[in-house]
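Taking it in order: structure first as structure tokens, then the write-up.
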Amino acid sequence: MQVCTCRLKEVQAKQQEHLYQLSNLGALSDLTFDNFLPRGRVGLGLTQANSLEQAFNSAQNFAGMQKGWLLLTGGYGSGKTHLAAAISNQAVAMGTATIFLTVPDLLDWLRFSFSGSSESNFETRFNEIRTAPLLVMDDFGTQSTTPWADEKLFQIINSRYINRLPTVITSNNQLNDFEGRIHSRLLDPDLVTHVHILAPDFRNPIDEFGHPELSSLNLHSRQSFGNFNFRKNENLLKEDLESLTEAFQVSQAFAENPKGWLSIHGTYGSGKTHLAAAIGNYQAAKGMPPLFVVVPDLLDYLRAAFAPNSGMSLDKRFNEIRTARLLILDDLGTQSATPWAKEKIYQLFNYRYNAELPTVITSSFLPDQLDQRIYSRLSDRRLCRLVVISAPGYTGK
């Protein structure tokens, strides 16, 4: 039976309204591709802006084709939810039945179906999710990890994987943080397009340095290679001036191409932290902010993860630090030398040594005065460049 042309618009409007009710988009209905900034705010680094534009293009392509899976990962406020909602809004406008749910809400939605007040039973609701023409799962990884929740999520993922149903997943987690069975399915290149967004929190544009809770690079924002003091008016010994020049040149080369390790040693006030911060600021300006942290502060951050009200586990916090793209450890050796502290520092060094991750270290101690396990890794000339500044501390004169 055909609908009368005089009622066609009314029927289509009701169908669209029904689709929006099913989608659960609610307050997200105004998040579209038209009001998304493909390259982010002005001032983003090139790599950050490129990653955001890649995510935007991938999301647009997915919304048009509605085939395969799209996995968007990145930090809080990087644009993942906006893009996921834009996909959903376009899909609904095209007439595709869509379900958009944050994963914690999805699990609550399933739990609620066990109550007598629910309009549909558990099996009906669970089947709606598994078979939805388009499913968008936002904030994957923020759910409580009970065995029941893990099993239900795997069943949803596995069912949609087997049937190749269009699916969008966003997560603040790294890919390796996903449960093993889900992780293996997300690695399927024939089905899954994965884009990692490097842009910082859009809601906090003043944070340009990444790792806002950990990094103290913003405190050193004025320290650059351009304003490094070679102290030529202090009547320093020739060898002291030469050591400053060598440290500067080596640090500048490392900033341009961060590979391996750079370990800078010298007395307090000799310029070590300035050079380390200059490396960090140079990389941040290129859109690749490092994690810059003073070693005693690093240990305090790890200890804080033990607190009952901590929003992050020790394992997750430690993994964030040890896997940082570029890690700058300032003042190694000044930390309290408890067995726990020694072990954590060694584990951090050992991981980055084996993974050969770019690392900058500063210390007022000579290399052979440090923990021997760390010293043995700093002694590997294949990986690490050691620089000793022999100049005395700067007095400001």
Side-chain angles (χ1 to χ4, degrees), residues 19-20 23-96 98-103 132-142 160 165-175 178 186-212 284-289 325:
L19 286 174
Y20 270 110
S23 70
N24 201 49
L25 281 166
L28 303 179
S29 59
D30 62 334
L31 297 180
T32 67
F33 291 115
D34 289 339
N35 57 25
F36 187 86
L37 299 178
R39 295 190 65 79
R41 292 184 185 274
V42 175
L44 283 191
L46 181 62
T47 304
Q48 292 173 318
N50 286 346
S51 72
L52 196 60
E53 187 171 32
Q54 181 187 2
F56 175 80
N57 292 335
S58 296
Q60 270 200 322
N61 183 61
F62 182 93
M65 302 289 291
Q66 295 178 28
K67 289 184 179 180
W69 289 17
L70 178 62
L71 171 63
L72 298 175
T73 58
Y76 295 104
S78 59
K80 305 183 303 298
T81 296
H82 189 139
L83 289 174
I87 292 170
S88 303
N89 284 315
Q90 182 169 318
V92 170
M94 292 170 64
T96 302
T98 303
I99 294 179
F100 181 107
L101 286 167
T102 66
V103 173
L134 173 60
L135 176 64
V136 179
M137 304 171 74
D138 192 34
D139 272 351
F140 202 108
T142 59
R160 299 187 68 82
L165 294 174
T167 305
V168 177
I169 299 171
T170 79
S171 180
N172 300 314
N173 290 347
Q174 299 285 334
L175 189 57
F178 286 91
L186 294 177
L187 289 176
D188 185 346
D190 293 329
L191 178 69
V192 182
T193 298
H194 175 209
V195 181
H196 184 69
I197 302 174
L198 296 170
D201 191 342
F202 186 85
R203 296 177 287 265
N204 185 21
I206 62 171
D207 171 36
E208 300 173 0
F209 298 102
H211 308 279
K286 293 177 68 175
M288 296 176 283
R325 186 195 63 83

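We're numbering straight along the sequence, starting at 1.
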| message | Using the rule side chain to side chain contact (heavy atoms under 4.5 Å, CB included), only one of Leu135, Val136, Val92 pairs with Phe100; which is it? | response | Val136
| task | Could you check if a side-chain atom of Phe36 sits within less than 4.5 angstrom of a side-chain atom of Leu52, using non-hydrogen atoms only? | result | yes
| Smallest separation among heavy atoms of Leu72 and Lys80, with atom names | O-CD, 3.5 Å
| note | Distance col, row His82:NE2 vs Thr32:OG1, nearest 0.5 angstrom, shows 5.5 Å
| query | Would you find a donor on one side and an acceptor on the other, under 3.5 Å apart, between the side chain of Ser171 and the backbone of Phe140? | reply | yes
| message | side-chain contact (heavy atoms from CB on, under 4.5 Å) for Thr193 and Asn61? Distances and angles first, verdict last. | response | CA-CA 11 Å; Thr193 298; Asn61 183 61; over 6 Å; no
| task | Could you give me the CA-CA distance, side-chain angles and deciding distance for Thr81 and Asp138, then say whether side-chain hydrogen bond (donor to acceptor under 3.5 Å, both in side chains) is met? | result | CA-CA 7 Å; Thr81 296; Asp138 192 34; 2.9 Å; yes
| task | Decide yes or no for Leu70 and Leu83: does some side-chain heavy atom of the first lie under 4.5 Å from some side-chain heavy atom of the second? | result | no
| message | Under the rule for side-chain contact (heavy atoms from CB on, under 4.5 Å), what residues qualify as partners of Leu71, not counting sequence neighbours? | response | Thr73, Ile169, Leu175, Phe178, Leu186, Val192, His194
| task | Flag the pair Ser29 / Asn89 as yes when at least one side-chain heavy-atom distance between them is below 4.5 Å, and no otherwise. | result | yes
| Side chain to side chain, Val103 and Asp139, heavy atoms closer than 4.5 Å | no
| query | Taking C-beta and beyond as the side chain, do Leu165 and Trp69 meet within less than 4.5 Å on heavy atoms? | reply | no
| note | Heavy atoms of Gln90 and Gly64 approach each other most closely as NE2-N, 3.9 Å
| said: I'd like to know if the side chain of Thr98 and the backbone of Thr96 have a donor-acceptor N/O pair within less than 3.5 Å. | reply: yes
| For the side chain of Asn57 and the backbone of Gln54, is there at least one donor-acceptor N/O pair under 3.5 Å apart? | no
| query | Under 3.5 Å, side chain of Asn172 to main-chain N/O of Gly141, donor-acceptor pair present? | reply | no
| message | For Gln66 versus Pro166, what's the shortest heavy-atom pair and its separation? | response | O-CG, 3.1 Å
| query | About how many Å separate CG of Asn173 and OG1 of Thr170, when rounded to the nearest 0.5 Å? | reply | 10.0 Å
| remark: Between the CZ atom in Arg39 and the CG atom in Asn50, the distance rounded to the nearest 0.5 Å is 4.5 Å
